[in-house]
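Residue numbers begin at 1 in each chain, while the letters A, B, ... track the order of the sequences. Being a predicted model, the structure only gives us computed values, none of them experimental.
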Protein chains: 2
Amino acid sequence: MKAPRQSDVARLAGVSQSAVSRVVSGDIDRIPAETQERIRAAVKELGYVPNAAARNLRNKRNRLLGVHTFEAVFPHAREDFYFEFLLGIEERAEEIGYDLVLFTSTGTSDGRRRIYRNGTNRLNLADGTVLLGAATDREELARLWHDGYLFVHIGRREVADAEIPCIIPDYVSAADRLVTSLAERGHQHFAYLHSGIDQEAYADRRAGYRAAIERLGLHDRSPGFRGEPELTEEWLDELASGPETAVVAETVGLAEQLRTGLAVRGLSIPADLSVAVLEGPGNEAGHRWDCLVVPRKEIGRIAIDALVARVENPDEEPVSRLVACELVAGETVAAPPQSKE
Amino acid sequence: MKAPRQSDVARLAGVSQSAVSRVVSGDIDRIPAETQERIRAAVKELGYVPNAAARNLRNKRNRLLGVHTFEAVFPHAREDFYFEFLLGIEERAEEIGYDLVLFTSTGTSDGRRRIYRNGTNRLNLADGTVLLGAATDREELARLWHDGYLFVHIGRREVADAEIPCIIPDYVSAADRLVTSLAERGHQHFAYLHSGIDQEAYADRRAGYRAAIERLGLHDRSPGFRGEPELTEEWLDELASGPETAVVAETVGLAEQLRTGLAVRGLSIPADLSVAVLEGPGNEAGHRWDCLVVPRKEIGRIAIDALVARVENPDEEPVSRLVACELVAGETVAAPPQSKE
DNA sequence: CCAGAGTGCTCATACGTATGAACGTGCAGC
DNA sequence: GCTGCACGTTCATACGTATGAGCACTCTGG
């Protein structure tokens, strides 16, 4: 029971293989309707179906887009970082008629996934690949780029001597707008709570924060922002007695800690202090923090579009794109208390 | 910047293309270590990577497994049916070094996905495919089978004139054991709450239920089981006053309705009536029903193994497999009330 | 009646790989 | 010195498709 080929169809229809190829792939300018009909009938009778591999070999195109995460996708997906991106990726791929390859074969025993393994890069199976993962390996990225492989990376990733095309949440602008909106509410004195971990991931947010503070002539003297350990008892005491009316926290976790620290001192949010967070709300339906929302699904879609643009037009310049983040109002920001106005 | 081919590697290493092919694909019986080294070095230097399409064309093998769902995977995945299956599929594929192709390109405007579209079956890009989805289209399945395409289906799916290899939760045995365990608790009189929708999906469960009832000489006179509308006021009245001490419900939803219907009549679960459910617990952390658990992740893994077994050994008979379901204790089963003993 | 254009189709080839067959070399055994 | 054999390597081909070039024929216009 072997799959029929174009040549089988051709024999049945009494034409050549190339005529069949022309009909099935739509190049029918010079093939009269009657012949087309005969060929189509033969196709149907034999149940002919084009061989994707042969087509690909011939065409260099696959309509296949890779998705490479540096960790397993599904196992963590429920609450996970990746999940929403994948939503957008799948959705958009489906819309434009591409299939997705999940590169799972590149896993190592330690649970990490590498692109290159014993010198082999499976990725080239796809026309192009979306890379994502906080733990993206710089060296591999650099090599991939130097090899001229077509890819986009979700999230900012700077690599020396390579210009990685990234789809980046516009944290700079979002942090700036967040501060601006606090200032518009009347806040003048700010503190910044930084996470300490992963310097690079928060660099944009810090830049946006600082830019807004300076542009608007606001005051900030938060120790955390100067790199010292934050959320210590001393820090909290200082905050409680200081002029600050607004705190910008990098993570929800920090904000929660802050809340308890303040409660001990008899202060509440937002009555005494407004707090906004520089990351999206988690799934845990806790306090409704004022925060920014990374449009992950949207980013997934954009990544696919950026990739496909280059796949379909190789002359296209690889560029990074910023994607705007929305600010969402919660219940943790209010006007400054009158006592401090 | 074109991808290097074996012939490029060969030129650099000073050997023939076929020698390169032999080394990269492991057929090295008659190639001395020294030559292998030279070739490997050239491979590395050029960053050679095998062309999947050409390989596939030549071999009929890809180390690529398809995943075809008849609806979008990710969009619903959080709470969804598919999710756990995919977990297992990805996990197992990773372990054995296969990549996964998500067939998304086959979507139609109505949101359904078909395998065959304008005569083209994209699936044949992969070595074999795992199909899943409650709404699986029978005609397409039949055609796929008749075309000799390699696949397994998750969930039972019967198609005339075709023997679809399926991975099937063993609902028959699970339902039987569930009844048996109720009987061991002392229950003699049972009622069965059926969902009315999707006859086929619950057929196995009904069979297992009935088998246990008959084998153990138990009593059942539930109208629902005879196909009449269930959970009517009359039905509830009858149940409340009848000899039944245990109800087996097909879905959690039905069980919940039952609970409220009983509450109105002053009866509670499990004090007055034990209730067990023939489907797994949802994510909603409501009442802890006694129920069965479909080992979805496990099934995903098994599907991959079954598929790969046939991919790697085409003589292998396509067979369906039953996978045992676990029963989990909840808080809705107890001994029958003494008044009815 | 011939040049030129158009029509309907086929020829030949390339895509990159894997592999059975064949080839040349060196060496052991008789 | 010839046969036989193992070894190391290459040759040649097939997989199924797409497509530019080309061929044979018909028609149109001058």
Side-chain angles (χ1 to χ4, degrees), chain A residues 2-40 42-43 46-64 120-122 124-127, chain B residues 2-40 42-43 46-64 118-125 127 147-149 314:
Chain A
K2 266 190 49 55
R5 303 161 290 175
Q6 289 184 351
S7 55
D8 299 320
V9 176
R11 200 172 321 112
L12 181 59
V15 295
S16 72
Q17 174 263 325
S18 47
V20 175
S21 169
R22 299 204 131 91
V23 167
V24 298
S25 48
D27 176 15
I28 50 175
D29 282 358
R30 300 176 48 170
I31 304 201
E34 194 256 343
T35 308
Q36 288 184 41
E37 274 324 298
R38 236 179 30 231
I39 293 178
R40 294 231 171 74
V43 163
L46 296 182
Y48 166 79
V49 148
N51 177 312
R55 264 198 172 161
N56 178 229
L57 179 56
R58 173 70 221 215
N59 288 341
K60 313 317 229 171
R61 288 288 148 65
N62 239 335
R63 293 196 84 75
L64 217 53
T120 303
N121 163 14
R122 287 271 292 164
N124 74 342
L125 200 150
D127 296 342
Chain B
K2 268 187 49 51
R5 303 161 289 177
Q6 289 184 351
S7 56
D8 299 321
V9 176
R11 200 171 323 115
L12 181 59
V15 295
S16 74
Q17 174 263 325
S18 47
V20 176
S21 170
R22 299 204 132 91
V23 168
V24 299
S25 47
D27 176 15
I28 50 175
D29 281 357
R30 302 177 45 170
I31 303 201
E34 193 255 344
T35 307
Q36 287 184 41
E37 274 323 299
R38 234 180 29 234
I39 292 179
R40 293 232 170 73
V43 162
L46 295 182
Y48 165 79
V49 140
N51 178 311
R55 261 198 174 162
N56 188 350
L57 180 57
R58 172 71 224 218
N59 282 345
K60 323 304 216 183
R61 287 292 142 66
N62 240 222
R63 291 195 86 73
L64 256 185
N118 55 11
T120 304
N121 165 12
R122 287 270 294 163
L123 297 199
N124 67 353
L125 202 148
D127 296 343
D147 286 355
Y149 185 80

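Counting only heavy atoms from C-beta outward, the side chains of B:Asp8 and B:Leu12 never approach each other to under 4.5 Å.
To the nearest 0.5 Å, atoms NZ (B:Lys60) and CZ (B:Arg55) are separated by 15.5 Å. Here the CG-CZ distance, from A:Asp127 to A:Arg63, works out to 8.5 Å after rounding to the nearest 0.5 Å. Atom CG of A:Leu64 is separated from atom CG of B:Leu64 by 7.5 Å, given to the nearest 0.5 angstrom. A:Arg11 contributes atom CZ, which lies 7.0 Å from atom CZ of A:Arg5 (distance to the nearest 0.5 angstrom). One distance of note links CD1 of A:Ile39 with CD1 of A:Ile31; it measures 5.5 Å at 0.5 Å rounding. Here CG of B:Asn51 is found 14.0 Å from CZ of B:Arg58. Values are rounded to the nearest 0.5 Å.
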Atom pairs, N/O to N/O, protein against nucleotides 24-28 of chain C, distance under 3.5 Å?
none

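Atom pair A:Asp29:CG and C:dG8:C1' shows a separation of 12 Å (rounding to whole Å applied). Rounded to a whole Å, the CD1 atom of A:Ile28 is 15 Å from the C1' atom of C:dT7.
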*What string of B, S and - do you get for nucleotides 10-19 of chain C 5' to 3' if you count protein non-hydrogen atoms under 4.0 Å?*
BB--BBBBBB
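Between the side chain of B:Ser25 and the backbone N or O of B:Ser21 there is at least one donor-acceptor pair closer than 3.5 Å.
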